[in-house]
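One structure is given below, encoded as structure tokens.
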Amino acid sequence: KILGKFPKASADCLIPLGYVEESQLRVYWPTQMDRKIIGADIARFGSDSTVLTGLYGKKQLSRNEFFKFDEIEVVGEIIAMSKEMGGADIIVVDETGLGGGVVTLLKDAVKNLDIPKKCEIRGVHFGGGVNCDQGEMCDHKDCDKSRYVNLKARMFGLLQKDLKDEKGLVLLNEAIYADELPTIRYRFNQKGQMVIESKDDYKKRT
């Protein structure tokens with residue numbers, strides 16, 4: 001970046017740098033119909049960090065990163081972010097590893113009214129299968145189940161579309177997105193389903 005020599009997107013790059021930069025330049029004013037959402041990626045290992053992302057409709061409001069392993073402390077951070085947002089409508093947690101305990105504690109927080117009673121708590125296993133989006137009569141030849149090998153691939157595919165859309169997601173102007181998103185690689189398996197490289201493979205390569 002200092003020399004002004006920017007890398008070109010490789011053939012297996014899912015999200016080109018241009019998509020990220022355009023997203024960070026967009027302006028979006030949330031409406032009353034938009035939902036306030038918190039996404040929580042819970043740290044699994046010593047070198048990993050827990051990351052909380054706040055969204056209001058298509059606009060990213062915040063990104064908090066910290067190194068904590070105590071589930072109660074993580075839930076406290078999520079509750080604090082919800083209050084800052086005026087009450088989250090949906091909280092989505094990566095349920096892999098420690099995330100399962102966080103989901104349970106968040107549901108308790110809703111019962112105790114520390115989080116608005118209307119708030120929906122969702123636990124997601126990114127390695128899980130993709131549900132068919134076309135009903136029981138679908139032959140799975142042209143639906144999300146045929147396009148993506150798991151939920152992780154589907155979510156990255158949707159993210160790519162949302163960043164490409166000129167009326168799509170508005171990312172915070174933080175360097176981490178331009179540094180990391182264009183380096184994520186994808187491929188297709190023998191069934192033609194999109195596969196995103198694993199976190200371990202990504203770390204080894206980068």
Side-chain angles (χ1 to χ4, degrees), residues 5-24 37-53 55 58 60 63 65 90-103 120-171 175-206:
K5 296 180 179 179
F6 298 95
K8 294 181 180 179
S10 60
D12 56 358
C13 166
L14 181 65
I15 301 173
L17 178 61
Y19 289 4
V20 178
E21 293 176 333
E22 290 169 8
S23 170
Q24 292 175 325
I37 304 170
I38 295 175
D41 182 14
I42 312 301
R44 293 181 298 164
F45 307 113
S47 61
D48 283 344
S49 60
T50 291
V51 179
L52 305 182
T53 303
L55 297 167
K58 296 180 180 180
Q60 183 183 4
R63 178 185 182 277
E65 181 177 9
I90 302 172
I91 299 175
V92 184
V93 181
D94 180 359
E95 210 166 10
T96 308
L98 295 176
V102 172
V103 169
E120 177 186 351
I121 309 299
R122 296 182 187 175
V124 178
H125 287 282
F126 287 93
V130 179
N131 292 327
C132 178
D133 58 350
Q134 296 187 24
E136 295 181 359
M137 301 301 292
C138 181
D139 59 7
H140 303 312
K141 291 181 179 179
D142 188 27
C143 70
D144 281 355
K145 192 168 184 176
S146 68
R147 296 188 186 104
Y148 306 107
V149 71
N150 54 21
L151 281 177
K152 177 179 178 179
R154 179 177 184 269
M155 291 194 178
F156 270 104
L158 294 175
L159 176 62
Q160 188 241 38
K161 291 178 181 178
D162 220 1
L163 292 174
K164 182 180 180 181
D165 185 352
E166 62 181 18
K167 295 182 180 180
L169 185 65
V170 179
L171 288 178
I176 190 169
Y177 298 113
D179 289 343
E180 293 190 0
L181 286 178
T183 64
I184 295 170
R185 292 179 178 176
Y186 77 101
R187 61 179 177 83
F188 292 101
N189 64 12
Q190 68 275 16
K191 294 183 180 180
Q193 295 170 306
M194 179 188 289
V195 180
I196 302 296
E197 66 179 328
S198 69
K199 183 179 288 187
D200 290 338
D201 288 342
Y202 175 85
K203 285 183 176 181
K204 290 176 183 178
R205 182 172 55 79
T206 59

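All values below were derived from every heavy atom in this structure, side-chain atoms included, with hydrogens, water molecules and symmetry-related copies excluded.
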(message) Under the rule for side-chain hydrogen bond (donor to acceptor under 3.5 Å, both in side chains), what residues qualify as partners of Y148, not counting sequence neighbours?
(response) none

(message) Which residues pass the ring pair (Phe, Tyr, Trp, His ring centres under 6.0 Å) test with Y202, not counting sequence neighbours?
(response) none

(request) State which residues pass side chain to side chain contact (heavy atoms under 4.5 Å, CB included) with Y186; sequence neighbours excluded, sorted by chain then number. (result) L14, F188, M194, I196

(request) Just jot down the side chain to side chain contact (heavy atoms under 4.5 Å, CB included) partners of V170, sequence neighbours excluded, or say none. (result) R26, Y28

(request) Could you pull out all residues at least two apart from E22 that satisfy salt bridge (charged side-chain N to carboxylate O under 4.0 Å, His left out)? (result) none

(request) Applying side chain to side chain contact (heavy atoms under 4.5 Å, CB included), run through Q193 and V130 and close with a yes or a no. (result) CA-CA 11 Å; Q193 295 170 306; V130 179; over 6 Å; no

(request) Starting at CG of L163, measure out to CD of E21 and round the result to the nearest 0.5 Å. (result) 12.0 Å

(message) Using the salt bridge (charged side-chain N to carboxylate O under 4.0 Å, His left out) definition, which of the options R185, K204, K152, R205 pairs with E197?
(response) R205

(request) Determine the minimum heavy-atom distance between C13 and P182, stating which atoms define it. (result) SG-O, 3.2 Å

(request) Flag the pair D48 and K203 as a salt bridge only when some basic side-chain nitrogen lies within less than 4.0 angstrom of an acidic carboxylate oxygen. (result) yes

(message) Taking side-chain hydrogen bond (donor to acceptor under 3.5 Å, both in side chains) as the definition, give me every residue that meets it alongside R63, ordered by chain and number, with sequence neighbours left out.
(response) E65

(request) Only pairs at least two apart or in different chains count here, so list each side chain to side chain donor-acceptor pair (under 3.5 Å) that has a residue in residues 155-168. (result) none

(request) Step by step, work out the side chain to side chain contact (heavy atoms under 4.5 Å, CB included) result for V20 and L171. (result) CA-CA 8 Å; V20 178; L171 288 178; 4.2 Å; yes

(message) Distance check, rounded to the nearest 0.5 Å: D94 atom CG versus M155 atom CE?
(response) 9.0 Å

(message) Restricting to side-chain hydrogen bond (donor to acceptor under 3.5 Å, both in side chains), what partner residues turn up for Q60, sequence neighbours left out?
(response) Y177

(message) Holding to salt bridge (charged side-chain N to carboxylate O under 4.0 Å, His left out), I want the full list of residues that pass it with D201, two or more places apart in sequence or in another chain.
(response) none

(request) Please round to the nearest 0.5 Å and tell me the distance separating atom CG of D41 and atom OG1 of T50. (result) 7.5 Å

(request) Mind checking the CG-CG spacing from L181 to L17? Nearest 0.5 Å is all I need. (result) 9.5 Å

(request) Would you please name every residue forming a side chain to side chain contact (heavy atoms under 4.5 Å, CB included) with R187, sequence neighbours left out? (result) N189, V195

(message) Does anything in residues 120-132 form a salt bridge (charged side-chain N to carboxylate O under 4.0 Å, His left out)? List the pairs, not counting sequence neighbours.
(response) E120-R122

